[in-house]
Amino acid sequence: MTNYKMKDIEGTVHFDGEMATKGFYFNKMCYSFNHEENRQAFRDDPEAYMTKYKLSEEQKQAVRDQDINRMLELGGSIYYLAKFAGIFGWNMQVIGGMMSGRTTEEFQAYLDSQGRGKNNG
Amino acid sequence: MTNYKMKDIEGTVHFDGEMATKGFYFNKMCYSFNHEENRQAFRDDPEAYMTKYKLSEEQKQAVRDQDINRMLELGGSIYYLAKFAGIFGWNMQVIGGMMSGRTTEEFQAYLDSQGRGKNNG
Amino acid sequence: MAKIIGGITTAHIPAIGVAMDKGLENEPYYRDLFAIYPPIREWLEEEKPDIAVLFYNDHGLEMFLDKKPTFAIGCAPEYENADEGWGIKPIPPVTGETELSWHIVNHLIENDFDPTVCQDIKVDHGATVPLTLLWPNFTYKGIKVIPISINCERHPMPKPSRSLAFGKAIGDAIRCWDKDSKVVLLGTGGLSHQLDGPRAGILNAEFDNWCMDKIVSDPEAICQYSNVELVEKGGAQMVEIAMWLAMRGCIEGEVEERMRNYVSPISNTAVGVQLLIPKD
Amino acid sequence: MAKIIGGITTAHIPAIGVAMDKGLENEPYYRDLFAIYPPIREWLEEEKPDIAVLFYNDHGLEMFLDKKPTFAIGCAPEYENADEGWGIKPIPPVTGETELSWHIVNHLIENDFDPTVCQDIKVDHGATVPLTLLWPNFTYKGIKVIPISINCERHPMPKPSRSLAFGKAIGDAIRCWDKDSKVVLLGTGGLSHQLDGPRAGILNAEFDNWCMDKIVSDPEAICQYSNVELVEKGGAQMVEIAMWLAMRGCIEGEVEERMRNYVSPISNTAVGVQLLIPKD
Ligand SMILES: [Fe+3]
Ligand SMILES: [Fe+3]
């Protein structure tokens with residue numbers, strides 16, 4: 001018997017087949033946000049939009065709570081989540097902070113603490 | 001230098017990259033015929049429908065002439081052409097005859113002449 | 001562990017589906033063809049497979065030229081069928097089996113195959129006609145299906161040897177899946193036919209029967225032919241034998257040929273049907 | 001015969017495109033990053049390649065989970081860009097090169113790769129940011145582009161060794177193409193970054209620099225790591241090094257590293273840029 005389950009890495013949800021199955025409709029909804037009219041439809045009535053895309057009750061609650069880590073646990077893919085974040089004007093530092101339990105400034109400082117090669121020029 | 005051009009087989013147009021490039025819009029039009037509303041739109045106004053799908057003048061003429069071999073030469077794929085044929089109610093024996101220069105009955109007879117395994121039961 | 005209990009080769013031509021719809025199985029044109037299916041259905045009734053791994057080719061319902069996969073594997077919980085444009089009645093959805101699908105995908109990627117992975121696709125007559133033939137009256141709803149499609153439309157198509165190797169990797173994946181499931185394989189399509197061009201209508205019973213012999217005893221022998229040589233021998237759509245090779249590749253070692261039928265022409269196509277049972 | 005004149009590695013993060021749009025190249029945050037591009041552009045001006053073979057990954061503009069390719073190759077005369085949902089301005093279409101695309105596809109299939117072949121796809125920032133960086137002010141319109149995408153979103157992803165081998169086959173295809181064209185390779189994405197989860201924000205300058213060394217001297221060394229090990233080392237999106245490996249695989253034998261830059265962080269990402277010239 002061969003088991004293809006990936007090794008756990010703390011703080012990381014591997015987006016694999018199991019998660020992609022769980023998150024399919026959620027990701028399909030976020031994929032629809034490539035179009036402005038869909039982003040607007042979500043803004044106008046998020047509950048109706050989530051129901052139209054067949055989100056589970058848990059997924060809907062994670063959206064209501066703006067809990068991105070929970071969305072990841074429920075099968076969200078960061079590629080489509082980025083489009084969801086776009087609706088709220090959250091950039092990668094904002095959601096990086098949200099997910100790692102930091103303010104945006106703390107998150108930026110964490111990034112900078114690992115930095116290299118700037119201000120040499 | 002490696003040449004991937006396929007060996008010629010008489011009476012056969014290989015649907016390869018070159019043909020798929022040439023026939024892209026024609027095939028895209030025929031692919032749209034998976035939907036009844038598109039079949040109806042074509043029936044209602046074939047010229048407008050062909051223009052909408054960016055067919056070349058040669059391709060349009062082949063359609064007007066119902067010249068299936070010509071459609072193949074211009075990049076048509078039999079898989080999508082079958083959907084085109086469906087609009088006219090032509091089955092595979094009808095278009096087999098049209099392409100091989102036979103009546104439908106002659107085409108059926110040609111098939112039967114190569115047959116095996118029937119009427120043993 | 002999952003077990004492959006057998007492999008079935010069968011045509012998937014729309015005309016057969018239409019004939020079933022219309023109850024024409026006993027007409028002279030169809031009688032000899034349909035004779036093989038009741039005994040195969042009996043075998044399925046007895047063996048009760050849980051899962052069917054179904055090799056087919058999409059004929060332009062789902063896999064358009066915009067993004068055309070070489071190999072595509074279904075990972076969806078359900079697959080819909082739809083209007084294909086020429087009047088076959090769509091059938092109710094086919095049930096999927098996502099766990100084994102993903103296990104196969106993992107195994108394929110690990111072994112240097114590059115499949116397109118499909119969580120939402122419609123399946124066409126290439127898949128639905130065989131299901132309807134083997135599990136009539138919508139009883140296919142009771143079996144979980146993994147549809148795997150191979151590009152048979154646009155050249156370049158996978159080499160026959162690649163389709164055989166693809167099947168071998170899928171067979172290995174099934175054998176190393178940790179569930180006590182019984183799996184039946186379906187290799188659909190073919191045999192000789194050419195639908196398009198001035199050469200439309202050619203058939204080659206001799207070559208077809210040679211292929212059926214070799215599918216049993218020596219599938220590698222078929223791989224001596226390139227796709228263009230297959231076209232030359234058996235017509236432009238002879239390349240559909242790719243699905244037979246993939247099916248046969250899944251089975252390790254020798255097989256017993258339990259049943260065979262060959263009837264030609266049905267529509268423009270030579271129809272071969274076989275039931276193969278793994279010897280160990 | 002076609003000739004590979006060099007390979008460029010570069011990040012493709014949206015923030016860089018936005019910074020160019022807004023004319024922020026000389027701001028302290030961006031200055032050191034953008035310093036590398038003028039000399040690379042000068043090299044491109046001098047060498048005047050005809051074709052760019054561009055390895056990227058789609059981030060959810062075109063390759064959705066419904067039918068997700070492992071490897072996809074563009075065979076279109078033109079590729080549009082579009083709204084990706086977070087506010088980068090779409091750019092005018094990219095020009096394709098269908099003849100070389102199909103030649104590569106034929107060569108890949110002949111050599112047992114299973115690409116998805118794309119006659120009509122939109123390309124996202126993974127492709128458009130590098131083009132804008134290297135040919136600013138829409139001058140990328142003058143170069144023919146073959147976009148080749150690698151799944152870096154959903155596991156399983158191709159193994160690093162498979163991406164390297166994929167590149168090698170593409171390089172062989174370019175070298176056996178019967179046209180006197182000059183081809184430049186672009187390997188885009190990376191290096192260390194993790195966008196998602198509680199671990200978001202990790203970077204690994206040491207590992208990145210080791211990878212940049214090995215891309216020059218010994219790309220096989222990077223293939224000792226599995227994708228999950230890459231994730232562990234450099235974050236969930238470190239797997240984008242797949243595109244660097246494919247680019248490097250295209251070049252036979254040794255390369256000279258003509259230029260290098262490493263600046264981190266830009267947005268959440270460590271940005272590596274290299275210009276590699278084949279030694280023979
Ligand atoms: Fe078929
Ligand atoms: Fe990226």
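So you know, we letter chains A, B, ... as the sequences are listed, proteins then strands, and number each from 1. Values below: all heavy atoms of this structure, side chains included; hydrogens, waters and symmetry mates excluded.
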*How about A/Asp16 and D/Pro156: do any of their side-chain heavy atoms sit closer than 4.5 Å?*
no

*Are any of the side-chain heavy atoms of D/Val263 and A/Arg116 separated by less than 4.5 Å?*
no

_Listed partners of A/Thr21 passing side chain to side chain donor-acceptor pair (under 3.5 Å), at least two apart_ = C/Trp102

_So, applying side chain to side chain contact (heavy atoms under 4.5 Å, CB included) with A/Met92, which one of D/Thr269, D/Asp196, D/Ile13, D/Leu195 is it?_
D/Leu195

Roughly how far apart are [X] [atom1] and [Y] [atom2], rounded to 0.5 Å?
| X | Y | atom1 | atom2 | result |
| --- | --- | --- | --- | --- |
| D/Asn268 | A/Gln93 | CG | CD | 4.5 Å |
| D/His155 | A/Lys5 | NE2 | NZ | 11.5 Å |
| A/Lys118 | D/Arg31 | NZ | CZ | 11.0 Å |
| A/Met6 | D/Asn227 | CE | CG | 7.0 Å |
| D/Glu229 | A/Lys7 | CD | NZ | 5.5 Å |
| A/Lys83 | D/Leu61 | NZ | CG | 6.0 Å |

*asked:* Checking D/Ala76 now: which residues fulfil side chain to side chain contact (heavy atoms under 4.5 Å, CB included) with it, not counting sequence neighbours?
replied: D/Tyr79

Side chain, backbone, both or neither of [X] within contact of chain D (heavy atoms, under 4.5 Å):
| X | result |
| --- | --- |
| A/Glu10 | backbone |
| A/Phe33 | backbone |
| A/Ile9 | side chain |
| A/Asn27 | both |

_Results of ring pair (Phe, Tyr, Trp, His ring centres under 6.0 Å) for A/Tyr25 - residues two or more places apart only_ =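 A/Tyr25 satisfies ring pair (Phe, Tyr, Trp, His ring centres under 6.0 Å) with no residue once adjacent residues are dropped.
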
*So which part of D/Val231 gets closer than 4.5 Å to some heavy atom of chain A, the side chain, the backbone, both or neither?*
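Contact with chain A: backbone and side chain both.
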
*Please state whether the side chain, the backbone, both or neither of D/Lys122 comes within less than 4.5 Å of a heavy atom of chain A.*
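Interface part for D/Lys122: neither.
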
*Given the options D/His59, D/Glu232, D/Gln237, which has more heavy-atom pairs under 4.5 Å with chain A than any of the others?*
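Looking at each of D/His59, D/Glu232, D/Gln237 in turn, D/His59 comes out on top.
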
*Any residue of residues 34-41 of chain D which, by heavy atoms, sits under 4.5 Å from chain A*: none

*Determine whether more than 12 heavy atoms belonging to other residues, nucleotides or ligands lie under 6.0 Å from atom CD of A/Gln108.*
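Yes, because the 6.0 Å sphere around CD of A/Gln108 holds more than 12 heavy atoms from other groups.
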
*For the residue pair A/Tyr79 and D/Asn57, confirm or rule out a side-chain donor-acceptor distance under 3.5 Å.*
yes

*Please state whether the rings of D/Phe64 and A/Phe24 are parallel, tilted or perpendicular, taking 30° and 60° as the class boundaries.*
tilted

